[in-house]
Each structure stands twice: as C-alpha cells, then as structure tokens.
Amino acid sequence: DGRVIYTRWDYNDRGQLFPQPLFQMNPDGTGQTEFYGNNSWFPTTLIHARGIPGSHLLVAIATGHHSDQTGKLCLVDRHRGTQENEGIQLLAPLRDPPAERVDAYGQEGDQFGYPYPLSESEFLVSYAPDGDARQQLPLSGRFGLYWLAADGRRELLVWDDRQSCHQPVPLAPRPVPFTRPSPVDYRLTTGTYYLQDVYAGPGLKGVARGTIKRLRVIGLEYRAAGIGGNNNSGPAGGALVSTPIAIGNGAWDVKVVHGDATVYPDGSACFLAPARTPLYFQALDEHGQAVQTMRSWSTLQPGERLSCVGCHEGKGMAALGQRPYSQAARAGAQPLQPFYGPPRGFSFPREVQPI
C-alpha cells in the first residue's frame, strides 16, 4: 500500500541491546509508528525487511546487537501478534522460535542476509551454509546468492571465491507501489497529536482514572559525542571515558521540554507540537510528577494529524466508541503550555546556580 518498512534504533532511556524494531511510515515521513517489536526483548534486532508480494507477511533477518548484519531468516506475521516471538517464524525449514534474550542472536550455524521474496514460499537470499559470520575461512563465512524454498531446499545461483555476494534484486518488471497523496504542508511548523484516552492500553495499566492531569512533551536533540576519549579494559570488563561526561553516565540525547498539554477528565488530549522533531511524552499527576515516561519517540511532519487510542495500545486495537466525542476533540488542538520559559536544553549554571 505504499508504506516504507525500516529498522529504527530506539535509544531513548532504555537498555542499549534490544532497541532495534521494525517501524513503518509513508514516503513523505507521515505516519511514523511501530510495525513490530518495539516493546520486545526478542528478536534482538530485525533488519533487511521486505514485504512479500500479494501477502500481509514480511521476510526479514533476525540478528543481534553487537554482531554482524547477518543472522536467521524469518517471516513476520502481525496477524499472529506484534511483540516477542508472537509473529515470528524462522525459515528453511519453517519453525516457531523460542523468545531468547541474547545480545548476539543468530550468529551460529547457517547465516542469511538481504532476502528478496518472490512469494511466501520462495526467496532470493544471501546465504553462507553452516558458516559463522565472524570467521574468515575459505568457505565458512563466505556468502553466495541462492534460490531458497521455505522448507530448506536451495539452489546456488552466484558464487565468488574472492568475496561474498549480497543484496540480490531480480531484474524483472514489478507493479509500481501505490502512491499516497501527501497531506504535508511545509508552510507550517507544527502538527497535531490527538490522544483518545490516556488510560487505555498497557502503558498506564493499574493507574486510577483521574490521576493524570497533563502530558509533558519533550524533544530529543543530538548530543556531540566522543570529543576526546579513551577506552580501558580489565578483569571487570571495559568502559568508554569521553567528553561530555553524560555519554557514559546519563542520557544519550539532549532533552528539551517543549511544554505541557492538558489531559481532560475523560483522559483525552489534543495539542499542537513542533514538526520534524523527535518527541516523547510524560504522564504527569496533579503535583507535576511523572507517573509514566514513554521510552520511545514520535515525530510529525508539518500539518500532520496523528492519533492514538491510549498509551502503547496494540496496533490492532480499534478506537474507543465514544458518544458524545471526547472533551479534547470538542475543544480542538491547543498550543502547549510553556515550561518556565521557552524550550531549551538543561543548563546547570542557568537553571540551578541562581537558586
């Protein structure tokens, strides 16, 4: 349907080993949202994903974090589920995998990369038979191009004794993907978020209705990293020492508070937010204290309107049936309430020292 599937590195206030799920968006950058595995330990990383022609399935490579970009060939089926191993089946042969919590996942035995699906049962793929991707032996670790069936039957198509062969693409006509009309208006600098009910979904499970009064909207900016540094190692492991110091002991990104949005008594919120900016949200109580923090990020294109049912609801969850419409929908999109001045990064001399 014209959407783009891609791997995203979600490094926002979460562990560093399992933050690389599949995301989706339209070609103009609108509709950026999770596709599979953004709240999962398994697979450690999903890469090289492609949609299968005429099917709702995807083929991808399940691999590790601190590893090469090869691993196990798998199908992704969101009809079966969207987290952990719910919608994952390994290929050649087809089998259900356990939900392993492993850093360098899938780096032993047969190695696959860059699959190109011809159907749900036939694929072109880069393949190293029973090879360890980290070894540089004459055959083990060398990749050739193969035709592969889902049950494991295969035929060698291309092999080079001097180097591996990757990224097969058939030279054949194919239908042009659907072109979606773009709603982006580059004259604008904002977009609109609409939240139907902050208490819907697992993000605030167990929180009493009426607790959340506001949503704090926080932007992420790049941090200059590694301005001078060194590495050390020893019996206890290794470490990176660099400037700025927060790289090793704090956030990977500079946080900028853009303001707060009202959460109405029925749990709804509707607000304007800066476009083309990575944003995440904090659910605040009456004292301004964070009850829950979003450990991912969202972004809007200029003029885009993006809605959600609740906090981290499943992608198959329908909107809640509400009559009359929510209080936020009736009030319309509101500007963010400033957080003690204009949006800015944190500065100890500016914010704390004067006290």
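The model shown is predicted, which means the values in this text are computed figures rather than measured ones. All values below were derived from every heavy atom in this structure, side-chain atoms included, with hydrogens, water molecules and symmetry-related copies excluded.
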**Study point:** Cationic tip of Arg153 above Trp147 ring, under 6.0 Å, 45° of axis
**Key:** no

Check your understanding: Side-chain donor-acceptor pair under 3.5 Å between Ser268 and Asp266, yes or no?
Key -> yes

Check your understanding: Quick check, are the ring centers of Phe42 and Tyr105 under 6.0 angstrom apart?
Key -> yes

Check your understanding: Taking atom types as modelled, is there a side-chain donor on Glu84 or Ser40 under 3.5 Å from an acceptor on the other?
Key -> no

Check your understanding: Mind checking whether Trp41 and Phe18 have ring centres under 6.0 Å apart?
Key -> yes

Check your understanding: Taking 4.0 angstrom as the limit, do Asp96 and Arg80 come out as a salt bridge?
Key -> yes

Review point. Under 3.5 Å, is there a donor-acceptor pair linking the side chains of Asp77 and His56?
Key: yes

Check your understanding: Is Arg330 positioned over the aromatic face of Tyr325, cation under 6.0 angstrom from the ring centre and no more than 45 degrees off axis?
Key -> no

Check your understanding: Are Thr262 and Gln337 close enough that a side-chain donor and a side-chain acceptor fall under 3.5 Å?
Key -> yes

Review point. Any side-chain heavy atom of Pro170 within less than 4.5 Å of one from Tyr116?
Key: yes

Review point. Where the side chain of Arg187 meets the backbone of Asp185, is there a donor-acceptor pair that is under 3.5 Å apart?
Key: no

Exercise for review: Take Arg8 and Ser296, measure what side chain to side chain donor-acceptor pair (under 3.5 Å) needs, and give me the verdict at the end.
Suggested key: CA-CA 10 Å; Arg8 192 172 91 171; Ser296 182; 3.2 Å; yes

Check your understanding: Can we say Arg295 and Asp13 salt-bridge, meaning some charged N sits less than 4.0 Å from an Asp/Glu carboxylate O?
Key -> no

Check your understanding: Do the side-chain N and O atoms of Tyr127 and Asp110 include a donor-acceptor pair separated by under 3.5 angstrom?
Key -> yes

Counting only pairs under 3.5 Å, give me each side-chain donor-acceptor contact of residues 174-184, with atom names and distances, residues two or more places apart or in other chains.
residue	atom	partner	partner atom	Å
Arg180	NE	Asn26	OD1	3.1
Ser182	OG	Asp28	OD2	2.5
Ser182	OG	Val184	N	3.3

Practice item. Could you tell me the separation between the OG1 atom of Thr33 and the CG atom of Asn38, rounded to the nearest 0.5 Å? Key: 8.5 Å

Point to revise | Check: Phe271 ring centroid to Tyr193 ring centroid under 6.0 Å | key: yes

Exercise for review: For the residue pair Glu34 and Gln83, confirm or rule out a side-chain donor-acceptor distance under 3.5 Å.
Suggested key: yes

Practice item. Find the distance between CD (Glu108) and NZ (Lys72) and round it off to the nearest 0.5 Å. Key: 8.0 Å

Review point. What do you reckon, is CG of Asp10 surrounded by more than 12 foreign heavy atoms closer than 6.0 Å?
Key: yes

Review point. With a 4.5 Å heavy-atom cut-off, do Gln32 and Tyr6 have their side chains touching?
Key: yes

Review point. What do you reckon, is CZ of Arg78 surrounded by more than 12 foreign heavy atoms closer than 6.0 Å?
Key: yes

Point to revise | Distance-only donor-acceptor check, side chains Asp103 and His66, under 3.5 Å | key: yes

Point to revise | Ile218 side, atom CD1; Thr277 side, atom OG1 - distance, nearest 0.5 Å | key: 13.5 Å

Review point. Can you check whether Phe281 reaches Thr293 side chain to side chain, under 4.5 Å on heavy atoms?
Key: no

Check your understanding: Can you get from Leu215 to Leu300 by hopping between Ile, Leu, Val, Met, Phe, Trp and Tyr side chains that sit under 4.5 Å apart?
Key -> yes

